[in-house]
Structure formats: C-alpha cells, structure tokens
Amino acid sequence: MESCNVELIFDHIGHFGRFQIVLYLICAYQSISCGIHYLSSVILSIIPEHACKPPGMVRKAVFHNVSAWRLEDILALRSPEQKDHITVELQDGEIWELTRCSRTWRGNTSHLGYKYSGYKRDSPCSDGYVYDLSKWRSSVVRHLNLVCDQKWYASMIQPLIILGVLLGSISFSYLSDSFGRRVALWCTSIGVFFFGIASLFIFDYLSFMISRFFLVMAASGYFVVVFVYVMEIIGKKSRTWASMHLNTFFAIGAMLVALASYLVKTWWLYQIILYIVTTPFILCCWMLPETPFWLLSEGRYEEAQGTVDTMAVWNNSSSCDLVELLSLDVTRSHDKSPNSVRKHRLADLFHNLDVAKMTLIVWLDWFTANLGYYMFGKEAIRRKENEPLYLLLVGAVEIPAYICLCIWLKRVGRRKTMLFFLLVSSLTCVLHVVMPSNYKTAKRMVALVIKSVIGSVFAFIYLYTAELYPTTVRCLAVGSSNMVSHVANIFIPFTSHFSKVWIFLPQILFGILAILSGLLSLTLPETQSTPMKSTWEMTEQQMPENKDSLGDAPPDIFERWDSVRVLSFAERWGLSRVPPDAGKWGSGRAPPDVGKWGSGRAPPEAESGGSGRAPPEAESGGSGRALPEKNTEMENEIENMEVSKLGDSDGDK
C-alpha cells in the first residue's frame, strides 16, 4: 500500500456518525461480556473457607472464645491465616475437633472446652466438607470439592486462564492482521458464545478446564481485536474517548459479575444469568464490516470504496473517491506475484533497529503496568478479596477515572502521560515501603492508589500502542504486548519468595521498573492528534530521530517565535531545510544560479503560483487542500524582513 493519509476519509464521511455509533455500541456490548467471562473465571476458582464435615448434625461450635449454633457461622468469622481447629458438639453428644482437611474424635464427651489433653483419634474427611457460603456460593471449587488433597486441581485453574489469555492475544491478533478484523471478531464472538453455553454444563473438572480455557482465550482475543477495530472505524476527532471507554464497558462487565454473585446464590442460575446477558451480540455481529484501513493495506480498493460509500449513506454525508483522494495506484491491487504477498509475522515488529527499540520499550511498559496492577491489587484487597460488594465498588471507581484520563490525554499527550503516571506510581510505592507496618489501613489505601494509577496506564496503553504501529501489524503489536504483559502474572506468585529475602524487595523492583519504563517512554514518538499510520514508511517517519531538525534555520526567526508556528511558516518559505549542496556554498548562502532570480525566489515558470505557494487551483480549494492560514503579525514582520533582504540582494547584484 502507498504511504497515504487514510484519515482523510473521515473528513468526508464523518468521524463519528450514525454508522460508527451503531458499530461502536455493538462492540462495546460485547466488551461487557469479556469483563464478565474474565472475572467470573477468577471468581469461580476462589477457594472459600472450609472445614472437614463431622459425621452428624452440629449442636454447637466453638472457636477460641467464639461459639455459635451453626458451623457455617464460625467459618464466616475465620480468616485464611487462622489454622486452628474448630470444636463441635454433635446432636448425639460426640465432640470433634475439625480442621480444614482432617477431623479428630475426642474420647471425653463431657468436655467441650477448646483445649483438651485427653484421648483423641484422627479420621479422614470421608463425609466431605463444610463451606462458608456467606460470600461466594458460586465457586466451582465448592461444586467439585477441589480442596485438601484435590487442592492442586484448583491451583491449576488460574495458570490455565493466564495461558488462555496469552494464546488468545497473540493468535487472534495474528488472524486479524492476516485475514481481517471482521473475521477475527466473528471467530472470537462465536467462541465466546459457544464455550460460554458449554460451561453451563459442567459435570467434572476436565470439562470445566476445557470450556474455561477456550472461553477466556476467545474473550482475550476479542478485546485485543475490537480495540483496534474501533480505532480504525472511528475518526481522529472521537477516537481517543471512544477507544478508552471500551475499558469502561469491560469494568461494567466485572461489576455485573460481582453484583450477580452477591444476589444469586445458586451456582447454575448464576452462570445462566451471566451468559444470557452476552447472547444478543451473536445475533448482530454479522453486521460488522471490514475497516477501510485494513482493506486498503491489502490493496482491496473496491471493497474499501464500498464500505466508505455505505458509511457515507448512513451518516448522511457525501462519499469520496478513494483513488483520487488518496492517490492510489489501482494496478497494485491486481499484483499477485510472490513478492507482493504480505506475510504477517512477529518478526515484523523487529524489522529494523528503530522499530525494535520501540517494540521493546512498549513491551516493558505493558509488563510494568500489569505487574504493578496485580501486585498492588492483591495488596489492596487483602482480606477483602471474597467480598462481592467491594469488587463492585472497585469497578465503579474505574469509570470516572477513565473519563478524567481522556481529558488528561487530550491536554498532555501520550508520552508525558506515560512518564507522569509511572513516576507517580513509583513515588507512591516508596511511600508504601517507608510507611510503618502497623498503619495497615493506610498502607492498604496507598496500595489502592498505586493500583488505580497504574491501572490508568494499563487502560490507555492499548490506544498508544495501536497508534504507534501501521495497519499491517497493528493487531499483532497490541496482541503481543498484551501477551507480554500477562507474563507478569506468572511472576506474581513468586513475589512471596522475594519477600522472604527482603520484605520490601517486590515493591522496590516494581518502583525501579516504573522509573525505567517511564523514562524510556520519552523516546517513543508522540501520537496525539496525528493520523493513524498505514505503512512502515509512515511509522519510521514519526521516529524522533527521523524528524526534521529546525536548527538549520536562521536563529533570529526561531528564537522569537513558537516552534510549531515556525515549522509551518518555515516550510512555506523554504527555510526549514538546507539545500543538498549547502556544504559547498555555506549554510544560509544561495548557489550562484539563484542570484539570477533573487535569493528565495522561484524561477519564472513558478511565479504564476507565487514563490513557495500552491498553484492557483489549489488556492481555491482544489486538490482537496485547505487554504493556507492567514499570516499573523509576526509572520508579516518576518515576511517583510525576507522581502527586504531579497531586494538588497538584487540591488547588490
């Protein structure tokens, strides 16, 4: 595909018209289901508080100085850190000591005290287990009794979910770049629907693992692809807030899981309610068209023109001829030679040194964000991870945070936002380390602040990554970055081992990573208010080291004027670049033949259009170009200065 600004299409058909609104609502609705399936998979693997079931009905239960008539009431009060036994008296008078995975019969039935030194006899938990149902009743661990000697089965659920996320991110992003966004969205949507329904019929551990693995894999792949799809179907003016608020719908899905788990206590009914919510999307996903970005990158110009025409009709706007607007070479669309076949590979993200540096920095940012999000998220909700209403409030707080982040991004930009948020999270991490350990509530609040700040980075880094890479590998870049970020989840369980070396070692490691990744982010290109890249050539032009330097222009001009205005004005008058043979004649001096026409003037054949100006037809708005800005007072002053210099030059001659 030629290097062209595809963004010009939206100036004709509309940046966020009725067509884009319908597509966005469809995609956002399915993002709710991604949040539902992702969090519900985590909740279903929660191991609730439990104890070995006694061989009879309980008359009274005692735990240290606490007594109750029901064993479940004692379990609701016990925390995971407490490993002592619970003493119970049965209806037939027998007294048993119950732990999580064993039970002990007391020989003296007249002594119900908590401490006992008489005859005891241990026995296995042949009657099953009693679970705390006050917080989570919809846990597959309770449904399948995955505790004690079966606990390792429950421990395998979370790694399997992480593996599904990793494979889903990279495989469906590759599918999207190779065969189109629409094909990938169809595949992931059908996978979410099919495996979501299949998970309702869980009869054993194996069926649960298979259904959940492919369900999370499809949901993860969908969220990566739909993020890129929304960015390519919506114009630049509305792209930032529209793509950012896909995270809002994801948070709504997580909130629905917590709310349903709090209100619905029956496991199978809880599952049915969640999956019925996601069903309508499968009825309308076939309406999603392919994006013009991807069609043009593949040379399918006729299909791209058809999509643009449809969008124009829906938006009540005038369509445009893509061949004329983008100066396309239609003959290339029929080139089927082996050299023209594009192979989308992960190696494309490292095809030269500059792109490789950019990819590694982006991956580091993703890894750091995910590491901090889960590390401090676990710290912030310690001893509260089983409270549905708490998770509901945490999800609700994220929604206004995304709104504020959109405003922030518009004013500050991508690179500075990345640096600022990572540095704030690092400094807050230092505060968390130096805070006394007896300030438990304050430390938990600081950890929650870090989680919120780093979560904001995790929210907009999707947007930034998609803007950095061209259409041909955009999904692959986002998907591979998402995959690298979830590698951090593998290291989360090992942070407890690091704490044994030094209790603050995990936090210090995160703080160092946050500072390093934040500073390195300053070397990335700024993409705010810039068009989406369609080719590698356009991507490489935005690299900081490839941008034109303004240092070759006269210093008296640049020192007195804002650099952005200088660039626009200097390009108009040809001051921003030095001629190729400037080294021969000296910087700022004109070659001999220029004296014939005057320094800075154009030859006679160009004077009809004006020196440095567009042809007459362009001044009237032709060729799709906008009229030049009216000169400011400073511009007129500089222009007069240049004209006077030209006159002096002619006089000298």
request  = Look at the aromatic rings of His486 and Phe458 and report parallel, tilted or perpendicular, splitting at 30° and 60°.
outcome  = tilted
Counting only N and O atoms by type, is there a donor-acceptor contact under 3.5 Å from the side chain of [X] to the main-chain atoms of [Y]?
{"X": "Ser176", "Y": "Ser173", "value": "no"}
{"X": "Ser517", "Y": "Ala514", "value": "yes"}
{"X": "Arg415", "Y": "Leu522", "value": "yes"}
{"X": "Ser243", "Y": "Thr240", "value": "yes"}
{"X": "Glu526", "Y": "Gln528", "value": "yes"}
{"X": "Arg474", "Y": "Tyr469", "value": "yes"}
{"X": "Gln305", "Y": "Cys320", "value": "yes"}

task = Determine, step by step, whether Phe172 and Leu167 satisfy the side-chain contact (heavy atoms from CB on, under 4.5 Å) criterion, reporting the C-alpha distance in whole Å, the side-chain angles of both residues, the deciding distance to 0.1 Å, and the verdict.
result = CA-CA 8 Å; Phe172 286 109; Leu167 294 180; over 6 Å; no
ask   = Looking at Gln20, His12, Arg18, which hits side chain to side chain donor-acceptor pair (under 3.5 Å) with Asn315?
value = Gln20
query = Think Arg239 forms a cation-pi with Trp241, using NZ or CZ under 6.0 Å from the six-ring centre and within 45 degrees of its axis?
reply = no
request  = Would you sort out whether Leu516 and Leu519 count as a side-chain contact (heavy atoms from CB on, under 4.5 Å), showing the intermediate values?
outcome  = CA-CA 5 Å; Leu516 177 62; Leu519 294 176; 6.0 Å; no
task = Show your working on side-chain contact (heavy atoms from CB on, under 4.5 Å) between Ser171 and Met217 and close with a plain yes or no.
result = CA-CA 9 Å; Ser171 59; Met217 182 177 175; 3.6 Å; yes
query = Hey, do the aromatic rings of Tyr462 and Phe223 have their centres closer than 6.0 Å?
reply = yes
task = Answer yes if the ring centres of Trp186 and Phe193 are under 6.0 angstrom apart, and no otherwise.
result = no
note = Paired with Ser456, the side-chain contact (heavy atoms from CB on, under 4.5 Å) test is passed by just one of Leu405, Leu409, Asn247, Ile461, namely Leu405
task = For salt bridge (charged side-chain N to carboxylate O under 4.0 Å, His left out), just list the numbers for Arg181 and Glu290, CA-CA rounded to whole Å, side-chain angles, deciding distance to a tenth of an Å, and then say yes or no.
result = CA-CA 6 Å; Arg181 320 301 191 212; Glu290 188 55 78; 5.1 Å; no
ask   = At what distance, to the nearest 0.5 angstrom, does CG of Leu524 lie from OG1 of Thr465?
value = 9.0 Å
request  = Determine, stepwise, if the pair His245 / Tyr24 fulfils side-chain contact (heavy atoms from CB on, under 4.5 Å).
outcome  = CA-CA 10 Å; His245 283 295; Tyr24 181 74; 3.6 Å; yes
